[in-house]
Amino acid sequence: MFTKEIYIARRALLKQKVGDGLILLFGNNDSPNNYPANTYRFRQDSNFLYYFGLRREGLVGVIDIDNDKEYIFGDDIDIDDIIWYGFVPSVKELAEDVGVSSSAPTSQLKVIIDSAIAQKRKIHFVPQCRHDLMIQLSDLIGIHPLSTKENASVKLIKTIVEMRAIKKPEEIAELKDAAEIGYLMHTAAMKTCRPGVSEKYVAGIIEGIAMSLGDRYSFQSILSMHGEIQHGYPSHTPMEAGRLMLCDAGAESKENYCSDNTRVTPISGTFTSMQRDIYAAVESAHDWVIENAKPGVKWLDMHLGACTIITEHLKAIGLMKGNTEDAVRAGAHAMFMPHGLGHMMGMDVHDMEGLGQNYVGFDDEVQPSTQFGLNCLRCGRRLQKGFVMTDEPGVYFIPHLIDLWKSQGMHKDFINYDSVEPFRDFGGIRLEDDIIITENGCEIVGDKIIPYHINDVEEYIKNNK
Ligand code: GLY
Ligand code: MN
């Protein structure tokens with residue numbers, strides 16, 4: 001937990017910006033896996049964590065702006081809980097730890113909410129992604145459980161996005177801790193990767209590092225010889241010489257700030273010339289973004305710039321043709337890179353995505369696109385100092401997509417389908433680093449950069465087998 005003063009100051013600013021009404025922020029409940037006592041590992045809700053800092057399950061925070069009062073609602077443990085889980089402080093003590101003066105049992109929450117509804121006061125809440133909380137909210141305020149998104153407070157959402165988007169020094173320190181763990185995870189993957197070892201074995205090693213050194217891994221690791229599958233989860237299949245292992249994984253620091261990196265390792269230890277050509281396209285796009293991202297620049301333009309570089313490279317090796325600008329405008333490159341350049345990152349690996357992507361990544365100036373590929377860009381708006389973004393261009397050969405586009409004659413003026421054929425079984429390459437926007441540019445989060453230049457990767461593998 002950060003100091004109590006940090007949470008007090010965050011809530012004071014939230015109150016001031018939202019202006020009036022009552023803010024209701026749910027903490028998460030324990031979530032059963034296959035029976036009630038066998039739960040998924042508890043993870044606190046990020047908004048609750050940001051404003052209240054408490055990690056216990058079953059808590060609800062209320063900020064009554066009109067009466068300048070704050071509450072934590074939750075139930076104290078009983079002797080059965082103590083026997084099974086040990087003693088924990090009371091809800092009152094927890095509330096005091098984060099500067100909240102009032103606490104009450106969960107049953108009292110309805111009394112406060114009923115009274116606010118009777119007074120026709122505004123109740124601000126955010127969309128819920130967990131079904132138990134949808135039901136809890138429905139029960140409290142009488143909306144349909146599936147309508148929390150439509151009924152959520154835009155004022156509250158926009159204020160939270162404004163505050164959480166700019167990372168403060170104490171948050172950057174946590175992001176650096178997560179990056180340090182991410183470095184250890186990815187270098188361990190590079191060391192462990194070899195023919196005959198299964199994808200799942202490598203994933204287990206790196207997830208163990210995240211669990212041992214931080215709070216946990218920041219998302220289910222993507223680790224596969226089939227890098228062309230965007231979320232390709234690891235299997236028991238032994239890895240094959242000559243192929244590539246794509247590893248997209250990260251850690252959460254002790255305070256639940258994330259890292260998210262992708263590296264591609266040649267399973268034999270060295271890249272083939274075909275792999276080098278594709279790798280070079282992705283590497284150039286990745287590095288161009290780091291050279292050009294700065295306050296005031298639109299992330300949409302970083303995305304389009306990266307796509308332009310990739311298109312130029314693919315033209316140079318004969319996979320694409322025609323005018324580069326026209327090809328990118330038409331979205332022809334999206335057969336090779338069907339996703340966005342990157343997303344905000346913080347306490348959520350896709351930071352604040354649960355609040356609604358339009359509020360997080362877009363504004364009146366930059367609106368989301370419906371074009372294939374560009375529609376997966378999670379942020380387009382202008383960068384600000386303190387934003388943390390992922391820079392993650394990639395090139396993939398997705399056989400089903402190639403066949404579909406070829407059969408439809410899609411963008412045939414820009415794609416040399418015959419030249420693409422030898423790449424059908426290539427897989428995919430993505431390179432991902434987390435960057436923080438500084439006064440005049442950006443820098444990669446963390447003190448150590450996971451090797452990614454082609455020769456550095458081969459050298460690292462050679463020296464660490
Ligand atoms: N690194 C996983 C993702 O961005 O979806
Ligand atoms: Mn990512």
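When reading the values below, keep in mind they use all heavy atoms of this one structure, side chains included, and skip hydrogens, waters and symmetry mates. Whatever order the structure lists ligands and atoms in, that order sets their numbers, starting from 1.
- Ring centroids of Y7 and Y51 are separated by 6.0 Å or more, keeping the two rings apart.
- Atoms OE2 of E392 and OE2 of E432, as seen from the Mn ion (ligand 2), are separated by an angle of 80°, to the nearest 10°.
- In summary, an N, O or S atom of H343 is located under 2.8 Å from the Mn ion (ligand 2).
- Salt bridge D413/K321: absent, no basic N to carboxylate O contact under 4.0 Å.
- Taking the six-membered ring where the residue is Trp, the centroids of Y452 and H286 are separated by under 6.0 Å.
- Close contacts between ligand 1 and D248 involve ligand atoms 1 (N), 2 (C) [criterion: under 4.0 Å to a heavy atom].
- Under 2.8 Å from the Mn ion (ligand 2) lies no N/O/S atom of D248, from backbone or side chain alike.
- Look at D30 and R43 and you find no salt bridge, because none of the NZ, NE, NH1 or NH2 atoms lies under 4.0 Å from a carboxylate O.
- Assignment of H231 to the shell around ligand 1 is supported, since a heavy atom sits closer than 4.0 Å.
- The Mn ion (ligand 2) is closest to atom OD2 of D260 (considering only N, O or S atoms).
- Ring centers of Y396 and H339: under 6.0 Å apart, within the cut-off.
- No more than 12 heavy atoms of other residues, nucleotides or ligands sit less than 6.0 Å from atom OH of Y201.
- At a heavy-atom cutoff of 4.0 Å, ligand 1 is contacted by the side chain of H343 but not by its backbone.
- Regarding atom 5 (O) of ligand 1, its nearest protein heavy-atom neighbour is H350 NE2, 2.9 Å.
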